[in-house]
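When a ligand or atom number is given, it counts from 1 through the structure's own listing order. Numbering of residues begins at 1 and proceeds along the displayed sequence.
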Amino acid sequence: MGETTGTRADTGHPGVGRVLVVIPTYNEADNVARIVARVRRAAPAVEILVADDGSPDGTGALADALAGADRRVHVLHREGKQGLGAAYLAGFAWARERGFDAVVEMDADGSHAPEDLPALLSAARDADVVIGSRWTAGARVVNWPLRRLLLSRCGNLYARLVLGMPLSDATGGYRVYRLAALDEFDLASVCSQGYSFQVELSRLAHRSGARIVEVPITFAERERGSSKMSPLIVAEALWRITAWGVQDRRLAVRRGLHGTPTGQVRWP
Ligand SMILES: Nc1nc2c(ncn2[C@@H]2O[C@H](COP(=O)(O)OP(=O)(O)OP(=O)(O)O)[C@@H](O)[C@H]2O)c(=O)[nH]1
Ligand SMILES: [Mg+2]
């Protein structure tokens with residue numbers, strides 16, 4: 001594993017501080033070197049952590065080679081596929097232990113363009129959480145099949161209605177979190193395994209009163225490797241969003257709809 005040798009002065013991003021881009025990987029051998037190189041080019045001041053779940057295709061070993069050649073690249077090896085949420089939580093803990101100021105979530109498959117990262121980091125100067133949005137003015141979604149477009153649009157609509165969050169892309173996975181803001185979230189309560197993790201963190205951010213800013217991104221369909229998306233992952237997101245909505249409403253009723261802090265419960 002590459003060591004964190006940079007000082008605050010040589011790795012800091014103005015107004016944000018030391019930034020760690022966490023890239024979770026499972027069987028991304030065709031993508032890992034490409035994405036790391038693109039991030040290094042687009043945002044030379046950041047460090048990168050590849051969080052690999054023991055990919056059978058050797059992604060972890062490829063990441064080790066990248067880390068051996070570049071002190072700003074690191075690898076977190078985890079045993080077996082434990083889900084996207086668990087990989088990110090481990091990455092966040094890794095960043096906290098090493099004194100980073102902010103973490104970035106980014107897929108390995110190129111869907112989240114590293115070239116958009118400077119814009120996200122600029123927005124993070126005045127925000128606790130920055131969400132790269134596919135569904136706000138100025139955003140573009142390239143080459144996504146209709147089925148995935150519909151799933152994302154409907155998923156966001158449902159999350160917005162049920163959870164009352166004023167976000168255009170609560171399910172998106174290209175984000176910046178300031179560590180100080182993450183410390184205000186109850187991360188120990190996070191239960192999502194798959195992509196509902198993104199909705200769960202949106203909800204925690206919203207409830208904590210974090211300053212959330214959305215920035216338009218260009219999102220592109222993966223070109224190499226295979227998707228880990230499955231009906232089970234969609235089902236988990238659906239029932240978790242529904243359960244959180246029910247929980248929020250029960251809480252609101254128990255409080256008699258009085259004295260609820262702003263941002264915690266909003267009726268659709
Ligand atoms: N460490 C780890 N990474 C994972 C796991 N599941 C998915 N990933 C990674 O999470 C990111 C998103 O997964 P994708 O398969 O691209 O999911 P998606 O973007 O919803 O699906 P596509 O649009 O088909 O690409 C990729 O970098 C994956 O390699 C996991 O269990 N563990
Ligand atoms: Mg993808």
Geometric class of the Phe92/Phe197 ring pair [parallel <30°, tilted 30-60°, perpendicular >60°]: tilted

Donor on one side chain, acceptor on other, Glu184 and Ser208, under 3.5 Å: no

Pi-cation contact, Tyr26 with Lys81 (under 6.0 Å, within 45°): yes

Asp101 side chain to His13 side chain, donor-acceptor N/O pair below 3.5 angstrom: no

If I apply the N/O under 3.5 Å rule, does Ser226 come out as touching ligand 1? no

Contact atoms of ligand 1, heavy-atom distance to Glu221 under 4.0 Å: 23 (O)

Just to confirm my output: which protein heavy-atom neighbour is closest to atom 29 (O) of ligand 1, and how far is it? Glu28 OE2, 2.6 Å

In terms of residue, atom name and distance, what is the protein heavy atom nearest to atom 9 (C) of ligand 1? Pro24 O, 3.5 Å

So is there a nitrogen or oxygen of Lys228 less than 3.5 Å from a nitrogen or oxygen in ligand 1? yes

Would you call Gln193 a ligand 1 contact, heavy-atom distance under 4.0 Å? no

If you count the non-hydrogen atoms of other residues, nucleotides and ligands that lie under 6.0 Å from CZ in Arg148, is the total more than 12? yes

Taking the side chain as everything from C-beta on, heavy atoms only, tell me whether Tyr177 gets closer than 4.5 Å to Glu105. yes

For Gly83, the atoms of ligand 1 under 4.0 Å from one of its heavy atoms are 30 (C), 31 (O), 32 (N)

For Ala51, the atoms of ligand 1 under 4.0 Å from one of its heavy atoms are 1 (N)

Val176 and side-chain contact (heavy atoms from CB on, under 4.5 Å): which partner among Val129, Val21, Val104? Val104

To check your reading of the model: name the closest protein heavy atom to atom 6 (N) of ligand 1, its residue, and the distance in Å. Lys81 NZ, 3.2 Å

Can we say Asp186 and Arg207 salt-bridge, meaning some charged N sits less than 4.0 Å from an Asp/Glu carboxylate O? no

Can you tell me the protein heavy atom closest to atom 2 (C) of ligand 1 and the distance? Thr25 O, 3.5 Å

Measuring from the heavy atoms of Arg78, does anything fall under 4.0 Å of ligand 1? no

Minimum non-hydrogen distance to atom 8 (N) of ligand 1, winning option of Leu84, Leu76, Ile23, Asp109: Leu84

Would you say the side chains of Ser111 and Trp144 form a donor-acceptor pair under 3.5 Å? no

Are side-chain heavy atoms of Arg78 and Asp52 found at a separation under 4.5 Å? no

Please list the nearest protein heavy atom to atom 19 (O) of ligand 1 with its residue and the distance rounded to 0.1 Å. Asp107 OD2, 3.4 Å

Suppose we measure from atom 4 (C) of ligand 1 to each protein heavy atom; which comes out shortest, and what is that distance? Tyr26 CB, 3.9 Å

The Mg ion (ligand 2) has as its nearest N, O or S atom from Asp109 the atom OD2

Judged on heavy-atom distance to atom 13 (O) of ligand 1, which of Tyr88, Phe219, Tyr195 sits nearest? Tyr195

Polar contact flag, side-chain donor to acceptor under 3.5 angstrom, Ser168-Glu214: yes

Scan side-chain atoms only and decide if Arg175 and Ser202 contain a donor-acceptor pair under the 3.5 Å cut-off. yes

So, regarding Ala87 and ligand 1 (criterion: nitrogen or oxygen to nitrogen or oxygen, under 3.5 Å), is there a contact or not? no

Applying a heavy-atom cut-off of 4.0 Å, say which part of Ala86 lies close to ligand 1: side chain, backbone, both or neither. neither

Can you check side-chain contact (heavy atoms from CB on, under 4.5 Å) on Asp107 and Glu28, steps first, answer last? CA-CA 10 Å; Asp107 285 0; Glu28 300 287 2; over 6 Å; no

So is Met229 polar-close to ligand 1, meaning N/O to N/O under 3.5 Å? no

Within less than 4.0 angstrom of ligand 1, does Ser111 place any heavy atom? no

Return the closest protein heavy atom for atom 32 (N) of ligand 1 as residue, atom name and distance. Asp53 OD2, 2.8 Å

Tell me, which protein residue and heavy-atom name are nearest atom 23 (O) of ligand 1, and how many Å apart are they? Arg148 NH1, 3.0 Å

